Amino acid sequence: MVRILAVIHEQRAEDSRNDTRRPVDINASLRMAGARGIGCVLSNISLAGFMARSYARVEPGRPIWLRVPGFPALAARVIWSDDQRLGCQFETPLSPEMLVRIVAEAPNLH
């Protein structure tokens, strides 16, 4: 008899990604409807979404706008958040050209 030891990790819904996330380190801002922008650091980005670090607490389900300097505001929805991070899905996926341009602006991570 052969025994196999395995560890099975449950994949959270927000972790099921079809697109490769690109690491970045970009100072940006987030804005919720009727509120002023709050600072954040964009940590990674893909065609479908992004992860950012911010001290502001944003509840899942909230619509927001991501403002990356030099680019138009990007509409997104918060999928998950914890103490200082949030994961968001773009309302309309980025074009591959825009993703390349944003990543090219990221300092020292590409």
Side-chain angles (χ1 to χ4, degrees):
M1 173 186 258
V2 176
R3 292 184 181 208
I4 299 173
L5 178 62
V7 177
I8 300 172
H9 296 279
E10 184 176 327
Q11 187 175 26
R12 297 187 329 207
E14 63 270 13
D15 285 341
S16 57
R17 303 175 182 137
N18 292 328
D19 299 316
T20 301
R21 296 229 171 202
R22 310 281 174 83
V24 294
D25 189 20
I26 299 173
N27 289 323
S29 65
L30 300 171
R31 187 175 65 78
M32 292 166 273
R36 296 178 65 151
I38 54 174
C40 73
V41 176
L42 195 58
S43 299
N44 66 47
I45 190 166
S46 73
L47 297 174
F50 64 92
M51 185 178 77
R53 298 184 314 272
S54 177
Y55 290 111
R57 188 89 167 153
V58 185
E59 300 109 28
R62 296 271 320 250
I64 61 167
W65 289 267
L66 172 67
R67 171 62 92 176
V68 177
F71 296 91
L74 302 166
R77 182 164 307 278
V78 177
I79 302 299
W80 63 268
S81 67
D82 62 22
D83 291 335
Q84 294 180 0
R85 299 179 312 152
L86 60 151
C88 302
Q89 181 177 14
F90 291 121
E91 292 293 329
T92 302
L94 296 181
S95 69
E97 295 80 15
M98 183 174 281
L99 179 62
V100 166
R101 287 181 49 223
I102 291 172
V103 171
E105 298 289 324
N108 304 321
L109 292 178
H110 53 301

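Side-chain atoms are counted along with the backbone in the values below, which use heavy atoms only and exclude waters and symmetry mates. Everything numeric here is computed off the predicted structure, so don't read it as measured data.
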Please find the pair of heavy atoms, one from Arg21 and one from Met51, that lie closest to each other, and give the distance. NH1-N, 3.6 Å
For residues Val41 and Ile26, determine if any side-chain heavy atom of one lies less than 4.5 Å from a side-chain heavy atom of the other. no
Residue pairs meeting side chain to side chain donor-acceptor pair (under 3.5 Å), one or both in residues 48-60, sequence neighbours left out, come to Ser43-Arg53
In Å and rounded to the nearest 0.5 Å, what is the CG to CZ distance from Leu66 to Phe71? 10.5 Å
One should read off an interatomic distance between Trp65 CH2 and Leu74 CG, to the nearest 0.5 angstrom, of 12.0 Å
So how far is it from Glu91 CD to Ile64 CD1, rounded to the nearest 0.5 Å? 9.5 Å
With Gln89 via side chain to side chain contact (heavy atoms under 4.5 Å, CB included) - residues at least two apart: Ile79
Hey, are the side chains of Leu94 and Ile102 touching, using non-hydrogen atoms and a 4.5 Å cut-off? yes
Nearest heavy-atom neighbours spanning Leu47 and Phe90: O-CD1, 3.6 Å
Restricting to side chain to side chain contact (heavy atoms under 4.5 Å, CB included), what partner residues turn up for Ser95, sequence neighbours left out? Glu97, Met98
What is the distance from atom CZ of Arg31 to atom CZ of Arg36, rounded to the nearest 0.5 Å? 11.5 Å
Do any N or O atoms from the side chain of Arg22 and from the backbone of Ser46 form a donor-acceptor pair under 3.5 angstrom? no
Does the pair Ile45 and Val68 meet the rule for a side-chain contact (heavy atoms from CB on, under 4.5 Å), with working shown? CA-CA 11 Å; Ile45 190 166; Val68 177; 5.7 Å; no
Should Ile38 and Val78 be regarded as members of a common hydrophobic cluster, given that ILVMFWY residues are connected when their side-chain heavy atoms come within less than 4.5 Å of each other, either directly or indirectly? yes
